[in-house]
Amino acid sequence: MIAKMSSTPGKQRKSGANDAGGPAPRRLVVAIGGNATHPENIRGTTEEQEQVAARAARSLAPLLMQDNRIVLTHGNGPVVGKILLRQYYAREQVPPMRLDVCVAHSQGGIAHLLMQGLEDELHRDEYERRVACVITRVEVDPEDPGFKNPSKPIGPFFSEAEARNLEQQLGWTMMEDAGRGWRYVVASPRPRRILDLELIGALSDQGIAVIAGGGGGIPVVQRPDGSHAGVAAVIDKDLTSALLANQLGIDTLMLLTAVSQVAVDFGKPGQRWLDTVSASEMAAYMKEGHFAKGSMAPKIDAALRFLAGGGKRAIIAHLDEALPAYEGKAGTQIVAG
Ligand code: ADP
Ligand code: MG
């Protein structure tokens with residue numbers, strides 16, 4: 001049954017309200033990459049970002065209209081980079097925010113555009129589904145090895161003199177990045193626990209499409225007294241998506257990105273695209289070094305962790321092919337085993 005606005009005005013079906021014996025709604029976590037929020041080739045005007053969100057919405061709406069329960073996660077790399085750049089230029093006038101606060105800002109801004117894009121797209125088809133954003137905190141281990149050796153460069157490039165200045169003025173750790181200039185480097189600890197899990201699950205159970213865990217989540221650590229504090233770190237959004245799916249007991253994880261499938265010998269003469277692969281086969285490819293660090297490797301890592309943690313199917317596919325990928329007609333399907 002599809003909730004058409006014309007027939008059920010203002011109504012949203014509830015979990016389990018699948019009338020008499022209908023199949024339970026299918027649940028999935030869908031992660032969308034940087035291309036779906038802020039591709040590198042745009043200047044980043046608000047209008048451009050709206051168009052990018054609308055494009056993501058066009059691909060995702062058919063999945064929602066199948067009445068699936070979807071938790072949507074997203075990357076925030078370029079957006080948080082621009083927040084840092086603004087802080088840099090305004091640092092004499094406005095005190096800069098710590099990185100966890102920047103991530104929270106990016107979650108709100110990106111989700112606003114995605115919510116609007118999705119609701120508009122659904123509305124066009126007279127399908128009613130509310131979309132909500134949960135500003136999501138993710139607990140990391142203060143002893144995570146990532147903290148001892150911050151190594152993830154984020155945001156804009158600076159000259160060495162500017163970098164030294166930033167170290168003094170803002171306390172940023174700066175590092176030279178592959179001959180391209182100096183960048184702010186932060187720890188990238190593993191996600192350990194999604195603090196806002198129950199809230200996300202409860203909204204999803206009501207049939208609300210939930211945007212959560214944006215940018216990998218706001219990194220927080222637990223203090224000895226049990227309270228939490230934000231920290232300057234960046235959590236990998238693919239790993240957070242996998243953890244979110246596992247902790248919600250969702251058995252399908254879809255990672256949508258800028259490439260149609262996963263390849264072995266990617267970009268080399270013998271390149272081969274993968275259709276359906278078992279987790280053990282994928283782990284062997286990973287060991288052989290087929291997946292680039294910082295791009296495809298974290299996705300494979302996340303997919304394998306998800307399957308090891310009880311997931312049944314992880315899909316890596318192009319953002320424009322959300323529905324065919326979910327139906328097994330596109331993308332790379334990684335299955336337990
Ligand atoms: P996202 O923003 O969606 O996380 P990334 O750029 O981090 O996207 O990762 C996806 C990219 O990984 C692809 O666009 C592709 O260029 C690259 N990539 C690296 N190795 C592979 C591989 N073996 N197969 C497919 N794509 C790969
Ligand atoms: Mg990525």
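Since this is a predicted model, take the numbers as computed values, not measurements. All residue numbers refer to positions in the sequence shown, counting from 1. Start at 1 and go down the list; that is how both ligands and their atoms are numbered.
- Between D265 and R272, none of the side-chain N atoms (NZ, or NE/NH1/NH2) sits under 4.0 Å from a carboxylate O, so this pair counts as no salt bridge.
- For the atom pair L166 CG and M174 CE, the distance stands at 5.0 Å (nearest 0.5 Å).
- Two residues are said to be in side-chain contact when any heavy atoms from C-beta on lie closer than 4.5 Å; H290 and M282 fail this criterion.
- When each atom of ligand 1 is checked for a heavy atom of F291 under 4.0 Å away, the hits are 23 (N).
- Under 4.0 Å is where a charged nitrogen must lie from a carboxylate oxygen, and between R58 and D320 no such pair does.
- No N or O atom of W273 sits closer than 3.5 Å to an N or O atom of ligand 1.
- Atoms of ligand 1 found under 4.0 Å from any heavy atom of H290 (numbered from 1 in listed order, with element): 23 (N).
- Considering only non-hydrogen protein atoms, atom 9 (O) of ligand 1 sits nearest to S295 CB, 3.4 Å.
- What you find for A330 and E321 is that their closest heavy atoms are CB-OE1, 3.9 Å.
- Of the protein's non-hydrogen atoms, the one nearest atom 10 (C) of ligand 1 is T257 OG1, 3.3 Å.
- The pair D120-R124 fails the salt-bridge criterion, with no side-chain N (NZ, NE, NH1 or NH2) lying under 4.0 Å from an Asp/Glu carboxylate O.
- In this structure, the protein non-hydrogen atom closest to atom 24 (N) of ligand 1 is A263 N, 3.0 Å.
- Atom numbering of ligand 1 starts at 1 in the shown order; those under 4.0 Å from a heavy atom of G294 are 7 (O).
- Using a 4.0 Å cut-off between charged nitrogen and carboxylate oxygen, D225 and R223 do not count as a salt-bridge pair.
- Interface of Q261 with ligand 1, defined as ligand atoms under 4.0 Å from a residue heavy atom, comprises 25 (C).
- Ligand 1 has a nitrogen or oxygen under 3.5 angstrom from a nitrogen or oxygen of K299.
- Within ligand 1, counting atoms from 1 as listed, the ones closer than 4.0 Å to a heavy atom of K237 are 1 (P), 4 (O).
- Atom 2 (O) of ligand 1 has G34 N, 3.0 Å as its closest protein atom, hydrogens excluded (heavy atom only).
- Here the closest non-hydrogen pair linking Y326 and M254 is N-SD, 4.0 Å.
- Contact record, Q333 with G328: NE2-CA, 3.5 Å, taken as the closest heavy-atom pair.
- The shell of residues lying under 4.0 angstrom from ligand 1, judged by heavy atoms, excludes G267.
- Every N/O-N/O distance between F266 and ligand 1 stays at or above 3.5 Å.
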